[in-house]
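In what follows, chains carry the letters A, B, and so on, assigned in the order in which the sequence lines appear, proteins first and then strands, with residues in each chain numbered from 1. Just so it is clear, the values below take in all heavy atoms, side chains as well, and ignore hydrogens, waters and symmetry mates.
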Protein chains: 2
Amino acid sequence: MEKEKTDKRDHILDVAERVFSEHGFDGASTRLISGEAGVNMAMLNYYFGSKEGLLLSLFERRTSTFHSLIQGIGNNENMSSWQKVSEYVEAYINRVFSNNCFQKVVHQELAVRRTGELADKITDMIMQNVIEFRKILHEGIERGEFKNDIDTEMVVATVFGVKAQIVNASHISSLMLGYDTQDPQNMVDKLKPRVTEYLKKLLKAYLLTEHDNAK
Amino acid sequence: MEKEKTDKRDHILDVAERVFSEHGFDGASTRLISGEAGVNMAMLNYYFGSKEGLLLSLFERRTSTFHSLIQGIGNNENMSSWQKVSEYVEAYINRVFSNNCFQKVVHQELAVRRTGELADKITDMIMQNVIEFRKILHEGIERGEFKNDIDTEMVVATVFGVKAQIVNASHISSLMLGYDTQDPQNMVDKLKPRVTEYLKKLLKAYLLTEHDNAK
DNA sequence: ATATATTAATCAATCGTTTGATTAAATTTG
DNA sequence: CAAATTTAATCAAACGATTGATTAATATAT
């Protein structure tokens with residue numbers, strides 16, 4: 001009967017992640033979270049100290065196994081800059097689709113004015129991603145592989161923005177695309193490959209020099 | 001001394017728009033809103049019935065003078081499809097930058113699961129925009145002006161997404177771009193022209209056929 | 001038996017909303 | 001026009017409900 005060896009603490013984090021993503025931090029009460037998780041309300045404070053502590057723990061769990069993922073791509077010596085961009089997009093979309101509840105929470109926290117430890121943590125997390133991606137783009141310019149008048153910051157914003165529009169505003173994207181973009185089956189079979197392919201084509205058209213592009 | 005002829009009701013809406021955009025709907029208390037607006041708390045319910053009614057009134061004010069703006073571009077007979085896209089981007093970015101507080105509120109409401117009249121209103125508002133833009137893109141494909149393998153829905157998501165990433169996640173964009181993207185001066189002088197120019201170049205590279213592109 | 005985990009009950013604070021009274025403005029009446 | 005009456009606007013105070021958090025007691029496990 002030991003169906004799960006996952007800690008109860010982890011179970012709470014899973015549920016909290018989903019509830020936060022659906023109602024937002026302020027909209028999700030501790031009673032709702034504990035109720036959905038099937039645990040006593042006091043357990044939240046027992047494990048995480050406070051509601052904000054719960055949100056903080058939620059972030060720490062995800063960010064712990066994240067850095068090395070992207071880091072490796074940029075430092076690879078045997079790849080062209082375009083290959084790096086392509087790999088980066090692939091890895092980024094992969095990560096987004098593998099835990100989209102967490103992505104929604106991040107997205108919501110970015111949209112409101114917050115201060116404190118958590119806000120700094122989120123900022124750091126995003127900015128490391130930004131810097132790493134931008135480095136690849138600058139390298140591509142120096143190598144002459146990319147056009148030299150590209151707006152690197154905007155390119156970064158494009159990848160993040162398209163992802164946010166599709167994954168985070170799921171109600172709209174479902175109507176736009178004609179199927180439930182929240183359904184896990186659709187996400188893997190239809191949405192994920194479509195977004196990945198589109199982003200690659202889009203960036204290829206914008207980034208590459210005419211010479212490379214015509215090949 | 002008649003500095004403002006704006007109704008007090010309108011003043012409350014202005015303040016509420018800002019406070020909602022900063023704290024989110026659930027995070028903004030009626031006490032905070034009424035306090036910032038310098039009016040008694042009961043005035044909110046007197047004018048708008050409820051907190052949700054306030055949010056609703058806020059949306060109705062903005063959507064009333066919105067439809068005709070975009071509508072005219074798509075139906076213009078004397079413009080090429082690319083000109084239409086270009087004009088659309090210009091008009092869209094213009095609108096976004098002219099009332100970015102409202103845009104933030106919309107953005108936040110899209111990110112949480114809500115039901116009821118307001119949710120439907122927001123969905124309608126966005127989808128009308130989506131449909132109108134998509135129509136232009138399809139027309140461009142039929143005319144042979146655009147590539148025939150472009151992903152029209154993703155193109156729409158790109159324009160919306162880039163805007164959201166820059167305007168709504170202002171904390172990140174400020175760090176990325178190196179200046180305060182909330183400062184009205186910067187918005188008009190730097191941010192707005194930069195986003196507009198970038199989106200045009202990006203879409204031009206992706207949409208146009210090689211023939212048109214090489215001109 | 002000691003430490004850890006879990007519970008029901010309760011806390012003060014804050015939430016959105018309502019109330020009843022008061023003032024200002026507009027309308028009706030004489 | 002002036003007095004009387006109605007309507008609209010505004011306020012301080014309080015409402016019940018819900019919030020996040022804490023307690024003290026109990027159960028479980030080592």
Of the nucleotides C/dC15, D/dA21, C/dT4, which one has an atom closest to the side chain of A/Tyr46? C/dT4

Looking at the base of D/dA9, is there any donor atom on it, or on the side chain of B/Asn40, that sits under 3.5 Å from an acceptor on the other one? no

Output the rounded distance in Å from NZ (A/Lys51) to P (D/dT18). 15 Å

Base, sugar-phosphate, or nothing for B/Thr30, non-hydrogen atoms under 4.0 angstrom? base

Is A/Glu87 salt-bridged to A/Lys84, going by a charged N under 4.0 Å from an acidic O? no

Quick note, B/Met41 side chain, CB onward, closest among C/dA9, C/dT17, C/dG16 is C/dT17

Atom CG of A/Leu44 and atom P of C/dA5: how far apart are they, to the nearest Å? 15 Å

Give the rounded distance in Å between these two atoms: CG of A/Asp7 and C1' of C/dT6. 14 Å

What is the distance, to the nearest angstrom, from the CZ atom on A/Arg31 to the C1' atom on C/dC15? 13 Å

Hey, does A/Phe48 reach any base, or is it just sugar-phosphate, or nothing, if we go heavy atoms under 4.0 Å? nothing

Specify the residue among A/Gly27 and A/Ala42 whose closest nucleotide of DNA chain D lies further upstream toward the 5′ end. A/Gly27

Can you tell me which nucleotide in C/dT7, C/dA9, C/dT17 comes closest to the side chain of A/Met43? C/dT7

Rounded to whole Å, OH of A/Tyr47 lies from C1' of C/dT7 at a distance of 13 Å

Which nucleotide, D/dT22, D/dT10, C/dG16, lies nearest any side-chain atom of A/Asn45? D/dT22

Between P of D/dG20 and CD1 of A/Ile33, the distance in whole Å: 8 Å

Contact between A/Gln165 and A/Met176 at the side-chain level, heavy atoms closer than 4.5 Å - yes or no? no

If I take atom NE2 in residue B/His23 and atom P in nucleotide C/dG16, what distance separates them, rounded to the nearest angstrom? 12 Å

Where does the angle between the aromatic ring planes of A/Tyr206 and B/Tyr198 fall among parallel (under 30°), tilted (30 to 60°) and perpendicular (over 60°)? perpendicular

Does the side chain of B/Ser29 get closer than 4.0 angstrom to OP1 or OP2 of C/dC15 through an N or O atom? yes

To the nearest angstrom, the CG-P distance between A/Asp26 and D/dG20 comes to 9 Å

Looking at A/Phe20, does the NZ or CZ of A/Lys104 lie under 6.0 angstrom from its six-membered ring centre and within 45 degrees of the ring axis? no

Does the Lys NZ or Arg CZ of A/Lys190 fall within the cation-pi geometry relative to A/Tyr179 - under 6.0 Å from the ring centre and within 45° of the axis? yes

